[in-house]
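All chains are named by letter (A, B, ...) in the order of the sequence lines, taking the proteins before the strands, and each is independently numbered beginning at 1. No hydrogens, no waters, no symmetry mates; every other heavy atom, side chains included, goes into these values.
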Amino acid sequence: MLLAPPGAKRQPPAPSAGEMQRRSLPIFQARGPLLSQLRSLDSAILIGETGSGKTTQIPQYLYEAGIGRQGIIAVTQPRRVAAISLATRVSDEKKTELGKLVGYTVRFEDFTSEETRIKFLTDGMLLREAIGDPLLRKYSVVILDEAHERTIHTDVLFGVVKAALKKRKDLGKFPLKVVIMSATMDVDQFSQYFNRAPVLYLEGRQHPIQIFYTKQPQSDYLQAALVSVFQIHQEAPSSQDILVFLTGQEEIEAMTKTCRDIAKHLPDGCPQMVVMPLYASLPYTQQLRVFQAAPKGYRKVILSTNIAETSITIAGIKYVVDTGMVKAKKFSPESGLEVLAVQRVSKAQAWQRTGRAGREDSGICYRLYTEDEFEKFDKMTIPEIQRCNLASVMLQLLALRIPNVLTFDFMSKPSPDAIQAAIEQLDLLGAVDRKEDQVTLTPLGRKMAAFPLEPKFSKTILMSPKFHCTEEILTIVSLLSVDSILYNPPSRRDEVQSVRKKFISSEGDHLTLLNIYRAFKNVSGNKEWCRENFVNNRNMMLVLDVRAQLRDICLKLSLPIESSRSDTGNIRRCLAHSLFMNTAELQPDGTYATVDSHQLVAIHPSSVLFHCKPACVMYNELLHTNKCYMRDLCVVDADWLYDAAPDYFRRKLRAAKN
DNA sequence: CTCTCCCT
């Protein structure tokens, strides 16, 4: 043997069992090429299916190879639970305590320290950090994972990291490296966008899944799903569970009932069946039931929305039944309306659903559409950034000091109409100045950007000291910025109504919610009270966290925090300052029309004002489903609206005269 | 006479 070169280290100890396990992953093959690429280049695209181990291994490879030791390696995730569980797993693999070398940051939870070098965080969290530091100077490497999901935050981050990378290169210090990790989609688009970054492909470890299409197109996907479930049920061993993808709560509850009824009258020798609904607004304890194994001799049938596509993973699913339908939001910039409609899934989404059958073993997927129909599905789901109101995004870009937000380098550009509509909304709220195609943030706008909220909510908070009702506005905004705290099981409607009566305010939903919050605080957040009053305890706990965070921001901005106590007029006057563009008037024929565009709208049946006919209302949002519904309403005096935004209403009056 | 889903 040759002499070791000077300074060479001694032979490293033999790899441990855990280390051998890590080396056996298929991704280990990609280690060399990836590291040499990232030593010489700024960015790389990594394509690999779930199960390739890329998310847990790549950050460790980079760290172990000493790439980016001078800073932190960030790994973003679209979901909180993913960020938390990945950090836990990687810190276990490194045999370190969570929060030391490996940590995570999500809203309300920060498990990092001075020592942290690998940090998992939600994409929304990194975006928020970027407002304080657009160059992301803490980070040496940013890994954007699950990029194919194209969440609105990931899409904005694409532009933010691309700009930061260039700027840091131009400055000639702390180079930033960017890794985009995605499933097998969008590859060319990613590479093009990141200056023709090289693409590495990784092998996955999926189990084989057999796919069956229907021979004929199905006119009734619910009927088809029902037939499929019971066909599988009569043929397959009872230990094999079924996951059915449907579109919404109502549909799922109805189907659950039908399945249970049919299951009662099955022929002898047929296994028993447990049917479980699954959707986001279901109380947490009921969601947890889908993880429990069914008793022996029983088959588990889960009827789910797209929550089971990515957010919730259930073990032991052998069969997936895909109706090919999904309920999703579309944005029409012309009308400025968000439309929630049942529509076809994309091919990418269909593959995601199919994959849910092969997580531990081979699986079977029944697609309730023909192969020809499938071929006509869109390749990808339209990125969220092209389907949403952009007011928040534009405010964030302005806060990031992007030179010209109107020409921001999006990977998939939203329509100019959507961008204009967002700027218009910010202008009405007083957040921006517009001069010859230049949009800049006002001091008010900069304060608004400090809140993790929709601009109209931040505006209300900032106006509240003037009305001496900041305590109440903080509560109302918190209640409105989480999923509904009200649990409305359709089968117990009468019970819900009678129990809720005591909280109802004739002034509308905002004050009704405030009453419920106050009652909840009076019993110190009692769980039993929540159950009895059909209040979603988990969401209510979230409200407390949100409120505390918003209150902190108010204190940092030195806002005086007062309570209006029983004066509800002041609260509504304050709300008018941010909802004045969302108002509707009662017409002689008993319908409502918006003041802004004379759109025909209706009061949503979930509103406490549903059976009332106030002359003038303001609402939080319009949602187009069967009808165009106003959600979360508040009774308002026309005079207050005029006081809140005189210019706006003067313009409206002038437009009406012409 | 009713609300896919995630996130700061």
Side-chain angles (χ1 to χ4, degrees), chain A residues 76-83 105-110 121-132 146 149-157 245-254 278-282 304-312 323 325-330 338-343 345 349 352 381 384-385 387-388 392-393 395-396 399 448-455 457-458 478 481-490 493 496-497 509 536 542 545-546 549-550 553 602-607 609-611 620-632:
Chain A
T76 69
Q77 292 295 316
R79 283 167 293 279
R80 294 164 52 92
V81 275
T105 308
V106 298
R107 191 179 187 183
F108 309 128
E109 275 181 67
D110 183 8
L121 70 178
T122 47
D123 48 11
M125 198 71 206
L126 185 61
L127 199 54
R128 192 122 287 274
E129 285 188 8
I131 293 177
E146 309 287 5
E149 288 196 25
R150 305 296 303 273
T151 70
I152 197 160
H153 296 134
T154 299
D155 262 43
V156 177
L157 279 174
F245 284 101
L246 297 165
T247 68
Q249 173 179 352
E250 207 181 48
E251 186 177 279
I252 286 169
E253 290 293 351
L278 179 62
Y279 45 87
S281 60
L282 201 66
S304 174
T305 59
N306 40 357
I307 194 171
E309 241 168 64
T310 48
S311 308
I312 291 182
T323 57
M325 306 305 281
V326 65
K327 197 179 279 189
K329 214 182 250 186
K330 294 187 283 190
E338 292 179 325
V339 184
L340 189 60
V342 172
Q343 48 199 305
V345 296
Q349 229 173 336
Q352 181 66 35
T381 310
E384 205 182 352
I385 199 148
R387 293 185 285 130
C388 288
S392 295
V393 166
L395 185 66
Q396 275 171 358
M448 282 166 65
F451 291 92
L453 292 170
E454 274 181 62
F457 289 146
S458 339
S478 306
S481 66
V482 306
D483 291 331
S484 179
I485 58 150
L486 307 177
Y487 175 51
N488 298 321
R493 229 186 56 198
V496 174
Q497 266 183 345
D509 298 307
N536 185 317
L542 202 57
D545 285 340
V546 173
Q549 186 188 27
L550 299 179
I553 298 170
I603 298 178
H604 195 276
S606 65
S607 170
L609 297 178
F610 182 57
H611 285 298
N620 256 347
E621 60 172 0
L622 283 182
L623 188 66
H624 196 116
T625 50
N626 300 323
K627 278 184 189 174
C628 194
Y629 285 112
M630 300 178 275
R631 289 209 300 194
D632 297 315

Requested in this report: Would you please confirm or rule out a distance under 4.0 Å between OP1 or OP2 of dC5(B) and any side-chain N or O of R387(A)?
Outcome: no
Report task. Return the value, rounded to whole Å, for the distance between atom CD1 of I603(A) and atom C1' of dC1(B). Result -> 12 Å
**Report entry** Candidate nucleotides dC3(B), dT8(B), dC5(B), ranked by approach to the side chain of P452(A) - the nearest
**Finding:** dT8(B)
Report summary line: Note: V393(A) and V156(A) closest approach over all heavy atoms is CG1-CG2, 3.8 Å
Query - Touch class at under 4.0 angstrom, heavy-atom based, for R80(A) against every strand present - result: sugar-phosphate
Query raised in the report: Between dT2(B) atom C1' and E251(A) atom CD, what is the distance in whole Å?
Result: 14 Å
Report task. Whole angstrom is fine here: how far is it from CD in E253(A) over to P in dT2(B)? Result -> 16 Å
Report task. Mark yes or no for whether Q77(A), through its side chain, and A83(A), through its backbone, hold a donor-acceptor pair below 3.5 Å. Result -> no
Query raised in the report: Once you round it to whole Å, what is the distance between C1' of dT8(B) and CZ of F457(A)?
Result: 14 Å
Query raised in the report: Counting just side-chain N and O atoms, does T305(A) come under 4.0 Å of either OP1 or OP2 of dC5(B)?
Result: yes
Query raised in the report: Ion pair present between R79(A) and E146(A), side-chain N to carboxylate O less than 4.0 angstrom?
Result: no
**Report entry** dC3(B) phosphate, OP1 or OP2, under 4.0 Å from T625(A) side-chain N/O
**Finding:** yes
Query - Closest to the H611(A) side chain, choosing from dC1(B), dT8(B), dC6(B) - result: dC1(B)
Report task. Identify whether any heavy atom of F451(A) sits under 4.0 Å from a base atom; if not, whether one sits that close to sugar-phosphate; answer base, sugar-phosphate or nothing. Result -> nothing
Report summary line: The reported gap from OG in S392(A) to CZ in F457(A) (rounded to nearest 0.5 angstrom) is 10.0 Å
Query raised in the report: Taking OP1 and OP2 of dC6(B), is either one under 4.0 Å from a side-chain nitrogen or oxygen of T151(A)?
Result: no
Report task. Return the nearest nucleotide to the side chain of T122(A); candidates are dC7(B), dC3(B), dC6(B). Result -> dC7(B)
Report summary line: Separation between CE (M630(A)) and CD (E621(A)), nearest 0.5 Å, reads 12.5 Å
Query raised in the report: Hey, does N488(A) reach any base, or is it just sugar-phosphate, or nothing, if we go heavy atoms under 4.0 Å?
Result: base
Requested in this report: Name the nucleic acid region contacted by R128(A), choosing base, sugar-phosphate or nothing; use a 4.0 angstrom heavy-atom cut-off, strictly under.
Outcome: base
Query raised in the report: Counting any heavy atom closer than 4.0 Å, what does S311(A) reach on the DNA or RNA strands: base, sugar-phosphate only, or nothing?
Result: sugar-phosphate
Query raised in the report: Where the side chain of Y279(A) is defined as all heavy atoms beyond and including C-beta, which of dT8(B), dC5(B), dC3(B) is the nearest nucleotide?
Result: dC5(B)
Query raised in the report: Starting at CG of L542(A) and ending at C1' of dC7(B), how long is that distance when rounded to a whole Å?
Result: 11 Å
Query raised in the report: DNA chain B: V482(A) or G248(A), which has the more 5' nearest nucleotide?
Result: G248(A)
Query - Rounded distance in Å - CG (L453(A)) to P (dC7(B)) - result: 16 Å
**Report entry** Value in whole Å for how far the P atom of dC5(B) lies from CG of L340(A)
**Finding:** 10 Å
Query raised in the report: Whole-Å distance between dT8(B) P and F108(A) CZ?
Result: 8 Å
Report task. Mark yes or no for whether E309(A), through its side chain, and I307(A), through its backbone, hold a donor-acceptor pair below 3.5 Å. Result -> no
Report summary line: Of the listed dC7(B), dC5(B), dT2(B), the closest approach to the P605(A) side chain comes from dT2(B)
Query raised in the report: Which part of the nucleic acid, if any, lies within contact of V342(A), taking any heavy atom under 4.0 Å across all strands shown: a base, the sugar-phosphate backbone alone, or nothing?
Result: nothing
Query raised in the report: Pick the nucleotide of DNA chain B nearest each of E454(A) and E250(A); which residue has the one closer to the 5' end?
Result: E250(A)
Report task. Give the nucleotide from the list dT2(B), dC6(B), dT8(B) with an atom nearest to the side chain of R79(A). Result -> dC6(B)
